[in-house]
Amino acid sequence: THCISSAASDVYKRQVHMVLRGTILERKKIEQKEQNMSKKEFFYCKDVIRFSLKNATKPISTIRLRMNLHGERLTYYLPSEYKIQPEHWDKETGCAIEDSRRNPDLKGNIRLQLILRNINKEIEKTTNALIKVLEEMKLREIYPTVDAVRTKLREELNQATKEKRMFADFLSFMEYLFPSAKTGRY
């Protein structure tokens, strides 16, 4: 009878363990679903994406994108050909100043106008690419970590530059034809 009661005890213990284990697994599944739902509810918009100068005290500064992503800071730098002089930068709006009333250096300086316009186009392109990356990750239920988003953003921007080029106006065509106009050295 001792063997039988010992075997029965083992079976009982296994059943209790399986029930407890099942409860723990079920609780983990519920927590995972709740976490996934909170991830899906994130909505990304241009208001949370900010552009600023890396070092506004230098004569020419790199432009960076910054965004808070689930408590972590995402930083992405625009390519070096989009550097800018701080006096041509509006830190409130996070873009180059294209208005000649606010930026007197623009008057009669077509090259500077072109450079600042291209910087703002690059900012807009980067913003749209970032939103696209975040929304695609959300649709695929991929948690957007800073490293994953930065990698996907680089891929998206590289793919966008490889696509066929369309020119909105003559100045855009001239910029493409003479890439030295985009260097930011003026």
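This chain uses plain numbering: 1 for the first residue, then up along the sequence.
- In this structure, the separation between CG on Leu106 and CZ on Arg117 is 9.5 Å, given to the nearest 0.5 Å.
- The nearest pair of heavy atoms linking Pro86 to Ala56 is CG-O, 3.2 Å.
- In this structure, CD1 on Ile63 lies 10.0 Å from OH on Tyr82, to the nearest 0.5 angstrom.
- Of the possible polar contacts, one joining the Ser61 side chain to the Asn55 backbone as a donor-acceptor pair under 3.5 Å is found.
- When all heavy atoms of Tyr143 and Met137 are compared, the pair lying nearest together is O-CE, 4.2 Å.
- For the atom pair CD1 of Ile115 and CG of Asn120, the computed distance is 12.5 Å after rounding to the nearest 0.5 Å.
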Q: Go through Asp90 and Arg102 one step at a time and tell me if the side chain to side chain contact (heavy atoms under 4.5 Å, CB included) criterion holds.
A: CA-CA 10 Å; Asp90 184 346; Arg102 293 180 48 219; 2.5 Å; yes
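- Tyr77 and Leu69 fall into different hydrophobic clusters, defined by Ile, Leu, Val, Met, Phe, Trp and Tyr side-chain heavy atoms under 4.5 Å apart, directly or through other members.
- Checked by atom type, the side-chain pair Arg66/Ser52 shows no donor-acceptor distance below 3.5 Å.
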Q: Report the C-alpha distance between Val146 and Arg73 in whole Å, list the side-chain angles of each, state the deciding distance to 0.1 Å, and finish with yes or no for side chain to side chain contact (heavy atoms under 4.5 Å, CB included).
A: CA-CA 7 Å; Val146 167; Arg73 179 181 278 177; over 6 Å; no
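- Contact of the Gln85 side chain with the Leu112 side chain is not registered, since no non-hydrogen atoms from C-beta on lie closer than 4.5 Å.
- Nearest heavy-atom pair across Gly108 and Gln113 is N-NE2, 4.2 Å.
- Between the side chains of Thr145 and Asp147, no donor-acceptor pair is found at a separation under 3.5 Å.
- With rounding to the nearest 0.5 angstrom, the CD1 atom of Ile131 is 11.0 Å from the NZ atom of Lys138.
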Q) What do the steps show when you test Leu78 against Arg64 for side chain to side chain contact (heavy atoms under 4.5 Å, CB included), and what is the final call? A) CA-CA 6 Å; Leu78 293 188; Arg64 67 181 169 204; over 6 Å; no
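- Looking at Lys125 and Glu122, a side-chain N of the basic residue comes within less than 4.0 Å of a carboxylate O on the acidic one, giving a salt bridge.
- In this structure, Lys132 does not pair ionically with Glu135, as no charged nitrogen and carboxylate oxygen lie closer than 4.0 Å.
- In this structure, Phe51 and Trp89 approach most closely via the heavy-atom pair O-CZ2, 3.6 Å.
- Residues Val133 and Val149 come closest through the heavy atom pair CG1-O, 4.2 Å.
- If you take CG on Leu153 and OG1 on Thr126, they are separated by 6.5 Å, rounding to the nearest 0.5 Å.
- Without hydrogens or angle criteria, Asn118 side chain to Leu114 main chain gives a donor-acceptor distance under 3.5 Å.
- Asn103 and His88 get closest at one heavy-atom pair: ND2-ND1, 2.9 Å.
- Going from atom CD1 of Ile119 over to atom CD1 of Ile97 covers 11.0 Å, rounded to the nearest 0.5 Å.
- Hydrophobic cluster membership is shared by Leu65 and Val48, with clusters built from Ile, Leu, Val, Met, Phe, Trp and Tyr side chains linked at under 4.5 angstrom.
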**Q.** Lys91 and Leu53: CA distance, side-chain angles, deciding distance, side chain to side chain contact (heavy atoms under 4.5 Å, CB included) verdict
**A.** CA-CA 8 Å; Lys91 59 183 171 184; Leu53 299 182; over 6 Å; no
